[in-house]
Protein chains: 2
Amino acid sequence: MATIRDVAEKVGVSPSTVSRVLNGRRGYCSESTRRRVLDAARRLNYCASAPARALVQGKTNVVAIGCESPDDPHPAQMLAAAQRLAESHGFHVLLSPAEDSSDLVRILREQRADIVLWARSAVELADGLLDAVSNPQQVVVAAGPANTAPPQGIFAAYWIDWEGIRSALQHLAALGHRRIAFLAGAGQGKDEMFKVEAAKLKLQMHVVYVDSEVDKFAAGADMAQHALRLQPRPTALFARNDEFAIGALHGLNEAGVKVPDDMSVVGYGGIPATGYCHPPLTTVYTPFLECGTIALQAALQACTSNTKSVLQPATTKLETHLMVRATTAPPPRGQ
Amino acid sequence: MATIRDVAEKVGVSPSTVSRVLNGRRGYCSESTRRRVLDAARRLNYCASAPARALVQGKTNVVAIGCESPDDPHPAQMLAAAQRLAESHGFHVLLSPAEDSSDLVRILREQRADIVLWARSAVELADGLLDAVSNPQQVVVAAGPANTAPPQGIFAAYWIDWEGIRSALQHLAALGHRRIAFLAGAGQGKDEMFKVEAAKLKLQMHVVYVDSEVDKFAAGADMAQHALRLQPRPTALFARNDEFAIGALHGLNEAGVKVPDDMSVVGYGGIPATGYCHPPLTTVYTPFLECGTIALQAALQACTSNTKSVLQPATTKLETHLMVRATTAPPPRGQ
DNA sequence: TTGTAGGCGTTATCAA
DNA sequence: TTGATAACGCCTACAA
């Protein structure tokens with residue numbers, strides 16, 4: 001692999017000259033050297049080493065994105081958009097599993113990235129990443145649902161999950177439902193939030209779990225079966241995510257239960273598929289994509305701008321949005 | 001940020017000693033220095049700089065994955081699996097848009113990654129990346145559908161798209177279908193392959209396009225409407241991907257066309273959602289996940305093993321698999 | 001068991 | 001307009 005020296009020797013100038021030409025630094029060289037350098041660089045297929053550059057400049061042009069399940073539709077969409085955005089600013093995207101923040105902390109400490117985007121639930125946890133910032137050039141931003149309060153020390157775009165949950169439950173309550181099953185999946189998640197909101201609306205509710213949710217659709221179908229056996233039987237199902245809801249639709253159909261006549265179903269997330277299942281699913285849209293874009297945009301601008309201004313902590317709150325479609329109706333008579 | 005020198009000074013030894021201790025190099029130091037070094041490193045929150053290390057070692061512990069649409073279910077699943085695999089070997093994942101190979105070429109040349117996984121259609125194009133390898137430690141592997149022949153010079157896991165297409169068409173032909181519409185989307189893709197295979201089976205076919213496929217489900221619904229207006233009307237729809245097929249199901253349902261009684265539908269891809277739409281979709285499973293895992297596994301082992309053996313070029317061919325479900329049946333009588 | 005010295009490839013500062 | 005020179009942080013012979 002050709003180094004900057006090879007180019008310099010080939011042209012008969014010093015490495016610094018080559019560096020200046022290639023980076024368009026001021027102290028404009030004579031047009032002739034300029035040309036010869038560019039020419040030699042092209043002919044030698046020269047490409048500056050990113051590690052070497054990063055070492056001396058303290059800048060990697062990498063944004064690390066911490067995201068729990070990049071194979072879920074919303075994170076995946078966000079990732080794809082972030083990818084395009086980063087690319088348009090000359091940044092690369094580094095993926096981090098982000099089960100907790102430890103991996104991102106390492107990335108920051110090891111100087112693998114200039115920007116860290118914490119894109120997962122519990123935005124407020126991103127505050128903890130600030131301690132890992134080891135370089136004034138590094139920026140931390142966050143995007144996702146806030147469980148409690150938004151983060152304090154960083155730039156973040158978020159929504160409030162319990163607001164979305166409430167809008168779904170209010171919709172069901174307004175239709176006349178009183179007994180609702182919450183399809184919770186395997187882990188603990190919004191169960192508490194659900195209970196609190198349900199209580200406020202004086203709804204009877206039952207939380208349904210499942211052992212494994214590796215196949216979310218199957219888990220949804222399973223939980224729907226469980227829900228049907230509850231006594232008294234609930235008149236509506238509220239799923240923790242859209243995949244559970246779509247799976248539940250399938251389970252109910254197999255059990256001969258008509259949706260929405262015999263049973264209402266509400267999803268959570270608002271992924272594209274919800275508009276094309278049968279019947280189209282009533283669900284709550286959560287603005288993951290928009291939050292990610294806002295946060296990353298801000299970070300990229302801060303990193304790209306010539307001014308050495310630090311990105312000011314700030315929060316942008318976006319709204320969830322209830323999308324009423326065809327899986328919700330009043331409960332059957334006599335219920 | 002603490003450097004190796006800070007640690008050395010704190011303990012009162014030289015930087016090399018610290019380096020040796022931290023990297024477990026032989027020439028075991030005395031247990032006491034060892035302890036004091038580890039202790040100081042922890043207290044100072046020391047973390048070796050990845051760029052500095054990469055510069056001197058020529059190793060980044062990064063795998064770059066080139067993948068067209070990380071928000072499609074199959075690529076996303078593959079990515080998530082690759083992520084876990086990479087992590088378990090101490091590697092990070094760098095995402096590349098990979099519309100063509102130019103971005104990956106730069107990544108290789110700039111020494112941003114030790115491994116490049118070309119994970120998209122036209123596996124054979126990955127051969128071109130070999131020219132960009134600038135370091136004997138770098139490895140290129142590929143996973144995805146081969147359009148023509150498998151790649152020659154690298155390790156690759158692939159399947160043959162036209163075999164999958166053929167299995168779908170054979171299934172339809174065996175059911176008695178003679179007129180088939182191919183829902184092709186906006187771009188050019190498997191159109192040619194489809195035509196060739198259809199001709200072999202003496203099937204009449206019509207290719208349906210759509211202007212935009214940003215919303216694939218909507219595009220599928222649109223194309224289904226178009227297909228219904230064809231004269232004579234086809235008795236089966238074969239979609240280029242599962243999203244188109246699911247959208248088509250929706251469009252047909254809205255038009256009052258019964259599936260599979262009035263119209264058969266076949267998808268392509270075999271994403272999880274196909275088992276949970278209504279009716280469950282007959283489709284062809286393509287082993288993207290498996291291919292990606294095989295290729296990456298090989299690359300990681302080659303990079304991790306102590307032996308300085310280069311990864312030998314080799315190809316693994318996996319099979320597509322027709323999954324017959326509930327959207328295909330013989331054509332209506334008199335057709 | 002430890003320290004010294006050199007270099008990885010690049011950029012930046014300063015002097016010419 | 002250009003060229004020395006000195007970092008950046010780390011690793012690894014080699015010498016002590």
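Residue numbers start from 1 in every chain, and the chains themselves are labelled A, B, ... in the order their sequence lines are given, proteins ahead of strands.
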Identify which one of A:I154, A:V116, A:V141 satisfies the side-chain contact (heavy atoms from CB on, under 4.5 Å) criterion when paired with A:L129. A:V116

Provide the full list of side-chain hydrogen bond (donor to acceptor under 3.5 Å, both in side chains) pairs with a residue in residues 151-160 of chain A, sequence neighbours left out, each pair given once. A:W159-A:D161

What integer distance in Å separates A:Q111:CD from D:dC10:C1'? 13 Å

Encode nucleotides 6-16 of chain C as B, S and - characters from 5' to 3', where the letter depends on protein heavy atoms closer than 4.0 Å: B to the base, S only to sugar-phosphate, - to neither. -BBBBSB----

Measure from CZ on A:R112 to P on D:dC8 and round the result to the nearest Å. 21 Å

side-chain hydrogen bond (donor to acceptor under 3.5 Å, both in side chains): pairs with one or both residues in residues 290-304 of chain B, sequence neighbours excluded: B:Y285-B:E290

Sequence neighbours excluded, which residues qualify as ring-ring contact (aromatic ring centres under 6.0 Å, His included) partners of B:H92? none

Could you list the residues that satisfy side chain to side chain donor-acceptor pair (under 3.5 Å) with A:D6, not counting sequence neighbours? none

State, to the nearest 10°, the angle formed by the axis through the first five base pairs of the helix from C:dT1-D:dA16 to C:dA16-D:dT1 and the axis through its last five. 40°

Show me, pair by pair, the donor-acceptor contacts under 3.5 angstrom made by side chains of residues 47-64 of chain B, not counting sequence neighbours?
residue: B:S49; atom: OG; partner: B:A52; partner atom: N; Å: 3.1
residue: B:R53; atom: NH2; partner: B:N23; partner atom: OD1; Å: 2.8
residue: B:K59; atom: NZ; partner: B:N61; partner atom: OD1; Å: 3.0
residue: B:K59; atom: NZ; partner: B:D114; partner atom: OD2; Å: 3.2
residue: B:T60; atom: OG1; partner: B:V62; partner atom: N; Å: 3.3
residue: B:T60; atom: OG1; partner: B:D114; partner atom: N; Å: 3.3
residue: B:T60; atom: OG1; partner: B:D114; partner atom: OD1; Å: 3.0
residue: B:T60; atom: OG1; partner: B:D114; partner atom: OD2; Å: 3.4
residue: B:N61; atom: ND2; partner: B:G90; partner atom: O; Å: 3.4

May I have the distance from B:R34 (atom CZ) to C:dT2 (atom P), rounded to whole angstrom? 12 Å

Side-chain N or O of B:T33 less than 4.0 angstrom from OP1 or OP2 on C:dT1? no

Going by the rule side chain to side chain donor-acceptor pair (under 3.5 Å), which residues pair with B:E124 if we only count those two or more places apart in sequence or in a different chain? B:T148

Considering residues at least two apart in sequence or located in another chain, which fulfil the side chain to side chain donor-acceptor pair (under 3.5 Å) criterion with B:D72? B:S69, B:K216

